[in-house]
Amino acid sequence: MTDLADLTLAASADGIRRRRFSSWELTQSCLARCSAWQAKTGAFLALDAGGALKAAARADAAITQGGSAGPLHGVPLAHKDIFARSNTLVTVGSKIPDQPATETATVLARLDAAGAIDLGALHLVEFAAGVSGHNAHFGDCRNPWNLERITGGSSSGSAVATAARMVLGALGTDTGGSIRVPAHFCGVVGLRPTYGRVSRHGVFPRSWSLDTVGPMARTAEDAALLLQAIAGADRGDASAEAVAVPDYSAALGKALAGLRIGVPKSSYFTTIEAEMAALLEASRAVFAKLGATVTEIETPDPTALASLSLIVSRAEAAALHAKWIAERPGDYGPGVRESMELGLFIPAPRYIDALRHRGLLLKQWLDEVFGKVDLLQTPVFGAPTPNIADTRPDGPSPPTLGEFGRFTAPFSYLGLPSITVPIGFQRDGLPAGMQLIARPFAEERLLNAAHLYQRETGWHEKAPVVPQ
Amino acid sequence: MAKDKAARATLDPALVSALAAQLYGVTLSEARAKQIASELAELEAGARNAPAPPSDAAPAASFRSLLLGASERAA
């Protein structure tokens with residue numbers, strides 16, 4: 001019999017609804033995976049097995065009593081430790097926060113309302129201020145495909161727990177690539193929604209102008225279910241736009257005939273390792289087979305986007321952390337305070353200009369790129385997955401957002417929705433992904449393309465070997 | 001010319017150290033101030049590739065309206 005933890009989120013929710021198995025059985029199966037993987041990967045910062053089993057029992061009782069089941073009824077999830085949960089200390093991967101939250105983040109409340117079970121808090125880079133998965137306070141998160149390799153970050157635990165089948169899906173946050181980069185390194189789907197698609201109420205900020213909350217899951221179909229539950233306007237967050245939320249699951253399966261996928265000609269996107277280029281080329285052949293038209297496209301110069309994105313994120317992070325930097329500098333891990341400090345010295349006119357440029361550049365990309373194609377495909381990361389030891393923040397080659405966010409940060413700056421989808425494996429057995437980008441609020445188009453690609457390729461069915 | 005002057009001002013490590021101490025109460029080593037100045041110069045150089053926005057473009061305003069306007073489902 002299939003281990004229940006190996007089911008997709010969609011199949012799990014369906015199985016519980018149809019009483020093929022119970023939420024308690026499914027949760028037990030996920031907890032067994034947690035037992036196998038936690039000591040190896042450090043994916044969880046806090047795991048509440050007892051609480052999860054009690055919640056699963058309640059979910060089963062509700063089904064038995066004929067109560068209505070939400071779309072995620074009885075499904076075990078866990079989330080980056082950056083979302084407020086009432087009466088719980090949210091660490092944000094740091095030792096500085098010391099007060100329990102007084103309310104629950106809107107996204108967690110919405111998942112609760114949909115019936116999901118929360119197994120606990122997942123690993124992240126300190127204050128979401130890094131891209132590799134290192135954390136000096138809680139230990140480095142380890143990649144289940146190879147424990148010596150990085151997971152990517154900052155949503156490291158969300159990617160690992162999902163890849164290792166410890167949970168059926170997870171929420172992460174993405175400022176410059178913090179969902180899409182770890183999704184690439186760990187071989188899962190990671191969706192950064194349009195800026196304003198999902199409420200950030202109760203989410204510890206990194207950069208107000210760039211932060212987004214999004215799902216990480218094994219399949220695009222699963223990500224669609226999670227996005228459905230969390231998307232939409234929120235009285236607690238004025239930046240969550242009142243744009244109608246489509247039925248993401250209903251949009252899956254629509255044929256790709258006529259879909260135009262653009263591939264940037266710019267050397268900014270094409271200067272990558274040959275192995276990664278070959279994986280991307282193969283993925284495009286799949287899209288062509290599925291009926292999409294894949295064409296090379298000239299894009300506006302992307303080089304300024306990454307710098308402007310960094311100016312905004314560094315300046316806003318500095319505003320958020322200035323008091324702690326002055327009063328508690330020793331409480332930051334190596335490299336974290338330094339990444340914030342830079343923002344203290346960005347002149348106000350530079351920061352304001354970076355925000356003023358945003359509309360002009362978005363218009364340029366909408367006209368010159370998304371006026372000609374429906375989706376843009378780029379790499380997520382252009383080189384082999386680095387070792388943890390080689391990329392320590394206090395080592396000789398600390399990871400930088402400039403390098404790790406090269407392909408992701410520009411689209412954060414433009415506020416566009418983008419998704420990482422696994423496209424196979426590198427020679428050393430580590431997974432790799434592609435990034436697809438769409439017009440504002442066209443998440444269903446991304447999810448549908450990813451869904452049909454996954455149905456054709458089946459990369460998502462491969463799993464890291466469970467430790468004995 | 002004025003733009004170049006402003007850019008150069010951010011590149012002086014001594015100015016970075018002075019700002020750190022006076023504005024934020026942060027003490028920086030000489031090496032750290034130099035590193036910050038160098039990283040700022042990189043950001044400046046990168047940002048200079050962007051086309052100039054019109055003078056009446058308010059921060060973030062057109063960005064939001066473009067996001068909503070380009071939405072296929074704007075309410």
Side-chain angles (χ1 to χ4, degrees), chain A residues 194-197 209 233 239 241-246 300-311 314 318 322-323 325-327 329 337-338 341-342 344-347 349-364 366 370 400 402 414-416 439-442 444-445, chain B residues 2-3 5-13 15-29 31-33 35-75:
Chain A
T194 310
Y195 182 79
R197 176 71 292 179
S209 298
S239 73
E241 302 290 358
V243 175
V245 180
D301 180 4
T303 55
L305 300 178
S307 295
L308 292 165
S309 177
L310 280 170
I311 288 171
R314 292 292 188 264
K323 189 168 183 288
I325 289 172
E327 294 174 0
R337 189 189 74 237
E338 287 80 357
E341 272 174 356
L342 179 67
L344 295 173
F345 308 102
I346 293 173
R350 293 287 177 281
Y351 170 68
I352 291 168
D353 268 350
L355 292 177
R356 291 179 69 242
H357 275 103
R358 218 175 171 191
L360 178 72
L361 292 169
L362 175 58
K363 183 168 187 329
Q364 206 179 27
L366 289 175
F370 293 99
T400 64
L414 295 175
L416 299 172
R439 295 172 68 81
F441 296 96
E444 72 267 42
R445 189 170 279 165
Chain B
K3 188 174 181 180
K5 265 188 188 172
R8 269 203 301 279
T10 63
L11 303 182
D12 183 347
L15 181 63
V16 170
S17 286
L19 282 172
Q22 290 176 28
L23 293 182
Y24 306 114
V26 172
T27 307
L28 296 178
S29 69
R32 180 69 190 127
Q35 187 188 2
I36 287 173
S38 156
E39 289 174 9
L40 284 170
E42 269 180 49
L43 288 182
E44 288 280 353
R48 268 199 290 270
N49 291 329
S55 57
D56 61 352
S62 64
F63 170 71
R64 181 170 179 264
S65 68
L66 276 165
L67 276 186
L68 293 174
S71 154
E72 291 156 332
R73 294 178 180 275

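Excluded from the calculations below are hydrogen atoms, water molecules and symmetry mates; all remaining heavy atoms, backbone and side chain alike, are included. By convention in this document, chain letters (A, B, ...) are assigned in the order of the sequence lines, proteins followed by strands, and residues within each chain are numbered from 1.
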Between P59(B) and I352(A), the two heavy atoms sitting closest are CG-CG2, 3.8 Å
Nearest heavy-atom neighbours spanning I311(A) and A47(B)
CD1-CB, 3.9 Å
In terms of heavy-atom pairs under 4.5 Å with chain B, the winner among H357(A), Q364(A), E338(A), K363(A) is H357(A)
In this structure, CZ of R32(B) is separated from CZ of R337(A) (nearest 0.5 Å) by 7.5 Å
Quick one: what part of E327(A) sits under 4.5 Å from any heavy atom of chain B, side chain, backbone, both or neither?
neither
Gap between atom CZ of R358(A) and atom CG of L67(B) - 0.5 Å precision
7.5 Å
Using non-hydrogen atoms and a 4.5 Å limit, figure out which bit of L28(B) sits close to chain A: side chain, backbone, both or neither.
side chain
For A57(B) and R356(A), work out which heavy atoms get closest and say how close.
O-NE, 2.7 Å
Closest heavy-atom contact between L361(A) and P51(B)?
CD2-CD, 3.7 Å
Which value, rounded to the nearest 0.5 Å, describes the distance between R64(B) atom CZ and L362(A) atom CG?
13.5 Å
Find the one option among S65(B), A20(B), G25(B) whose heavy-atom pairs under 4.5 Å with chain A are most numerous.
A20(B)
In terms of heavy-atom contacts, V16(B) and F345(A) come closest through O-CE2, 3.4 Å
Residue among L308(A), L355(A), L342(A) with most heavy-atom pairs under 4.5 Å to chain B:
L342(A)
Comparing L360(A), L344(A), L414(A) against chain B, the one with the most heavy-atom pairs below 4.5 Å turns out to be L344(A)
Euclidean distance, D301(A) CG relative to N49(B) CG, rounded to 0.5 Å:
5.5 Å
Is it the side chain or the backbone of Y195(A) that comes within 4.5 Å of chain B heavy atoms, both, or neither?
both
Could you grab the distance from atom CG of L43(B) to atom CZ of R350(A), nearest 0.5 Å is fine?
11.0 Å
